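Notes to accompany the following structure.
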Amino acid sequence: MPELPEVECIVRDLRSCVQGKKIVGVEFFFENMLPGITPEEFAGQVCGRIIRSVKRRGKYILFYLSGDKVLEIHLRMTGRFIFHPVPVKPEKYTGVIFYLSGNISLHFQDIRKFATFRLWEKQELYRATPFRLGPDPLEDNFTLESFLAIMAKKPGSKIKAFLLDQRNFMGMGNIYTDEALYRAGIDPARETGELDLKEKKRLYKAVYSILQEGIALRGTSVSDYRDLRGLPGGFQNRLKVYRRAGEPCPRCGTTLQRTVIAGRGTYFCPQCQV
DNA sequence: CTCCGTGCCTGTGAGC
DNA sequence: TGCTCACAGGCACGGA
């Protein structure tokens with residue numbers, strides 16, 4: 001479900017809702033998100049700890065807990081958190097309820113059950129996936145120079161695959177990648193090495209601006225995405241090409257097409273994207 | 001290296 | 001109405 005803008009919105013909301021609260025209980029309804037650890041062990045590791053801060057790296061959510069523990073959560077396709085200021089019963093897809101101090105609770109829901117929870121010692125966190133991948137586009141080190149340097153290392157990659165590969169940059173997913181390539185006017189099937197400097201600059205700006213707009217509109221809800229209050233985002237109304245095959249290009253009127261690149265459905269305008 | 005298929009799950013929508 | 005199929009916001013893994 002969520003890409004960088006959605007995760008960023010979730011993390012900002014989590015900070016205002018649960019930062020400083022103590023985890024007083026954890027209840028599981030399914031446990032697919034816990035590889036290699038039982039729900040009892042997990043509860044034993046987190047109960048009694050205070051949520052000191054909530055951070056994001058790419059699409060990963062990091063709960064920094066008291067006692068130097070870090071809970072790393074990846075929502076994958078359909079994972080979501082819903083904040084409840086008063087106790088409510090679990091819903092059909094509720095997998096976990098975190099009971100917090102102040103009688104509030106955080107419900108984790110996941111239709112497809114792909115999401116993952118992992119616990120780290122803070123000093124071991126550098127070994128965790130979020131810190132072994134590429135830079136995050138919202139961090140200061142996402143400059144045009146770094147973008148060009150990383151792209152130069154992968155001249156044979158298709159540009160769509162390059163943007164989706166989290167080892168290059170973290171946070172881009174299928175929706176924002178197609179929209180950024182449309183905005184930059186670049187054919188998703190081209191190789192990064194074929195792009196001239198002007199095109200690379202356009203792409204850099206398109207990636208940055210599309211992510212910022214996604215955040216400003218509180219994410220994209222094409223189907224499942226909801227924020228911490230259960231509300232949909234607004235960027236789905238700004239999508240130009242994603243899931244619009246067969247419709248006219250909003251810029252030139254040419255019929256938008258769908259193809260498969262990097263194993264993902266890819267939407268583009270064959271006229272505007274060259 | 002890159003690409004590709006597969007698996008993990010459940011739901012939706014189109015076509016028959 | 002009901003069945004089957006393609007597709008769905010992600011990522012890890014193994015093989016070519």
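Here is the naming used below: chain letters follow the sequence lines, and residue numbers restart at 1 for every chain. Not measured: the values here are computed from a predicted model.
Proximity of a side-chain donor or acceptor of A:Glu31 to a complementary backbone N or O of A:Thr38 within less than 3.5 Å is not detected. Proximity of a side-chain donor or acceptor of A:Asp187 to a complementary backbone N or O of A:Gln273 within less than 3.5 Å is not detected.
Screening residues 195-205 of chain A for salt bridge (Lys or Arg N to Asp or Glu O under 4.0 Å), with sequence neighbours left out, gives A:Arg190-A:Glu199. Sorted by first and then second residue, the ring-ring contact (aromatic ring centres under 6.0 Å, His included) pairs involving residues 3-35 of chain A (not counting sequence neighbours) are A:Phe28-A:Phe42. Residue pairs meeting the salt bridge (Lys or Arg N to Asp or Glu O under 4.0 Å) criterion with at least one partner in residues 101-120 of chain A, sequence neighbours excluded, are A:Glu72-A:Arg118. The list of salt bridge (Lys or Arg N to Asp or Glu O under 4.0 Å) pairs with a residue in residues 120-133 of chain A, not counting sequence neighbours, reads A:Lys69-A:Glu121, A:Glu124-A:Arg127.
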Between protein and nucleotides 3-10 of chain B, map the contacts as a letter string: B base, S sugar-phosphate only, - none, heavy atoms under 4.0 Å, written 5' to 3'.
-> S----BBB

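Neither side chain, A:Glu3 nor A:Tyr225, offers a donor N or O lying under 3.5 Å from an acceptor on the other.
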Output side-chain donor-acceptor pairs under 3.5 Å for residues 245-264 of chain A, partner residues at least two apart or in another chain, one line each.
unit_1: A:Glu247; atom_1: OE1; unit_2: A:Arg244; atom_2: NH1; d: 2.7
unit_1: A:Arg251; atom_1: NH2; unit_2: A:Tyr182; atom_2: O; d: 3.4
unit_1: A:Arg258; atom_1: NE; unit_2: A:Tyr267; atom_2: OH; d: 3.4

Using residues 229-242 of chain A as the side-chain source, report each donor-acceptor pair under 3.5 Å to any protein atom, sequence neighbours left out, with the distance given to one decimal.
unit_1: A:Gln236; atom_1: OE1; unit_2: A:Ser221; atom_2: N; d: 2.9
unit_1: A:Gln236; atom_1: NE2; unit_2: A:Gly233; atom_2: O; d: 2.8

Donor-acceptor list for residues 90-99 of chain A side chains, cut-off 3.5 Å, not counting sequence neighbours:
unit_1: A:Thr94; atom_1: OG1; unit_2: A:Glu91; atom_2: N; d: 2.8
unit_1: A:Thr94; atom_1: OG1; unit_2: A:Glu91; atom_2: O; d: 3.4
unit_1: A:Tyr99; atom_1: OH; unit_2: A:Glu27; atom_2: OE1; d: 2.5

Between the protein and nucleotides 13-16 of chain B, which nitrogen or oxygen pairs are less than 3.5 angstrom apart?
none

Short heteroatom pairs, N/O only, protein and nucleotides 11-15 of chain C, under 3.5 Å:
unit_1: C:dC11; atom_1: OP1; unit_2: A:His74; atom_2: NE2; d: 2.9
unit_1: C:dC11; atom_1: OP2; unit_2: A:Lys59; atom_2: NZ; d: 3.0
unit_1: C:dC11; atom_1: O4'; unit_2: A:Arg76; atom_2: NH1; d: 3.0

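Atom CD in A:Glu213 sits 9.5 Å away from atom CG in A:Leu211 (nearest 0.5 Å). In this structure, OH in A:Tyr204 is found 11.5 Å from CE in A:Met151, a value given to the nearest 0.5 Å.
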Go through the steps to decide whether A:Glu179 and A:Arg183 satisfy the test salt bridge (charged side-chain N to carboxylate O under 4.0 Å, His left out), and finish with yes or no.
-> CA-CA 6 Å; A:Glu179 293 297 316; A:Arg183 181 169 291 190; over 6 Å; no

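Rounded to whole Å, the separation between the P atoms of B:dT6 and C:dC5 comes to 15 Å. Using P as the reference atom, B:dT10 and C:dT1 are 24 Å apart when rounded to the nearest Å. Comparing the P positions of C:dC13 and B:dC9 gives a spacing of 16 Å, expressed to the nearest Å.
Only A:Tyr242, A:Arg243, listed by number, bring a heavy atom of residues 234-250 of chain A to less than 4.0 angstrom from any atom of DNA chain C.
With a cut-off of 3.5 Å on both pairing distances, the Watson-Crick and G-U wobble pairs of DNA chain B assemble into stems of 3 or more at B:2-8 with C:10-16, B:10-16 with C:2-8.
The side chain of A:Tyr267 contributes an N or O atom lying less than 4.0 Å from OP1 or OP2 of C:dA8.
By the 6.0 Å contact criterion, CZ on A:Arg15 is enclosed, its count of non-hydrogen atoms from other residues, nucleotides or ligands being greater than 12.
Look at A:Asp178 and A:Arg243 and you find no salt bridge, because none of the NZ, NE, NH1 or NH2 atoms lies under 4.0 Å from a carboxylate O.
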